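Below is one structure; the comments refer to it alone.
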Amino acid sequence: MLRIGALVSGGGTNLQAIMDAIERDNIDAGVVCVVSSKEGAYALERAAAKNIETAVMRKKDYPSQRDYDIALADYFEKRNVDLIVYAGFMLILGEDFVNRFENKMINIHPALIPSFCGKGFYGLHVHEAVLKAGVKVTGATVHFVTAECDAGPIILQKAVEVMDDDTPESLQRRVMEQAEWIIYPEAVRLFAENRLKIENGIVKRR
Ligand code: GAR
């Protein structure tokens, strides 16, 4: 069984979609621990409801980014995690974290990378920027995590239409329903079945 650790900061609907798909589709994987960067994140309740170990680790409780990165990496390493899913995780982790789990971390971003991504583009801000730009198509991207924010090898993408009367909230909801909750569990399945190969920074599916 693929042992999954999750990083969360908020509602955890992507975590829920992954946990549900594992059960529904018999994926040979299990979420074994969930770490939140924020106290009271609803994602923690979703995990607890499935008897999954949870922890809150806040950046401000550590003297430096490096200390935070190391503490998080130690946490997942102790639990023998094979894959780390960033599931609505709103912090950027440094090399002291990412170098220890190379090609074993995946993230969902609520836009079609390389558009509307990078520092400052997270959560509702992404959808605000999409509406401001007036693009007619947006979507979601699952990618491997590297030290550069939102720039790792792309695994799956799905496009979603932007409507004239969208608000950031309505667009966020549609992107989640029509893209994120579909492609994130699918990417976990492909990873669990060892069907993702990275060649020269490009993901090839087998
Ligand atoms: C999702 O839309 C996710 O793609 C986005 O935040 C939301 C979290 O929702 N993530 C980022 O912006 C990461 N940079 P969730 O907590 O319900 O999964």
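For ligands, and for the atoms within them, numbers begin at 1 and follow the listed sequence. The model shown is predicted, which means the values in this text are computed figures rather than measured ones. Numbers here are sequence positions counted from 1. Worth knowing before you read on, the calculation uses all heavy atoms, side chains too, and leaves out hydrogens, waters and symmetry mates.
- Close N/O approach between Thr13 and ligand 1 is found [any backbone or side-chain N/O within under 3.5 Å].
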For residues 1-9, tabulate all N or O donor-acceptor pairs below 3.5 Å that involve a side-chain atom, not counting sequence neighbours.
unit_1	atom_1	unit_2	atom_2	d
Arg3	NE	Arg79	O	3.1
Arg3	NE	Asn80	O	3.1
Arg3	NH2	Arg79	O	2.8
Ser9	OG	Ser37	OG	2.8
Ser9	OG	Met90	N	2.9

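- For atom 9 (O) of ligand 1, the nearest non-hydrogen atom of the protein is Met176 CE, 3.3 Å.
- Dense packing is recorded around NZ of Lys50, with more than 12 heavy atoms of other residues, nucleotides or ligands lying under 6.0 Å away.
- Between Phe76 and Phe101, the two ring planes are perpendicular [angle over 60°; tilted spans 30° to 60°].
- What sits closest to atom 14 (N) of ligand 1 on the protein, heavy atoms only, is Tyr122 CB, 3.7 Å.
- Considering backbone and side-chain atoms alike, Gly12 places an N or O below 3.5 Å from some N or O of ligand 1.
- The minimum heavy-atom distance between Leu196 and Ala187, with the atom names listed, is CD1-O, 4.1 Å.
- Checking only distances, Asn14 does come within under 3.5 Å of ligand 1, N or O to N or O.
- For ligand 1, the atoms closer than 4.0 angstrom to any heavy atom of Gly11 are 16 (O), 17 (O).
- In this structure, atom 13 (C) of ligand 1 lies nearest to the protein heavy atom Phe89 O, 3.7 Å.
- Ranking protein heavy atoms by distance to atom 8 (C) of ligand 1, first place goes to Gly88 CA, 3.6 Å.
- The protein atom (non-hydrogen) at minimum distance from atom 12 (O) of ligand 1 is Gly123 N, 2.8 Å.
- For atom 10 (N) of ligand 1, the choice among Leu91, Ile18, Leu7, Ile108 with the nearest heavy atom turns out to be Ile108.
- Here Phe191 pairs with nothing under the ring-ring contact (aromatic ring centres under 6.0 Å, His included) rule; sequence neighbours left out.
- Taking the side chain as every heavy atom from C-beta outward, Phe121 and His109 approach each other to under 4.5 Å.
- Protein heavy atom in closest approach to atom 1 (C) of ligand 1: Glu180 OE1, 3.1 Å.
- Rounded to the nearest 0.5 Å, atoms CD1 (Ile18) and CD (Glu23) are 13.0 Å apart.
- Rounding to the nearest 0.5 Å gives a distance of 6.5 Å between NZ of Lys158 and CD of Gln178.
- With hydrogens left out, the protein atom closest to atom 6 (O) of ligand 1 is Met90 CE, 3.1 Å, a heavy atom.
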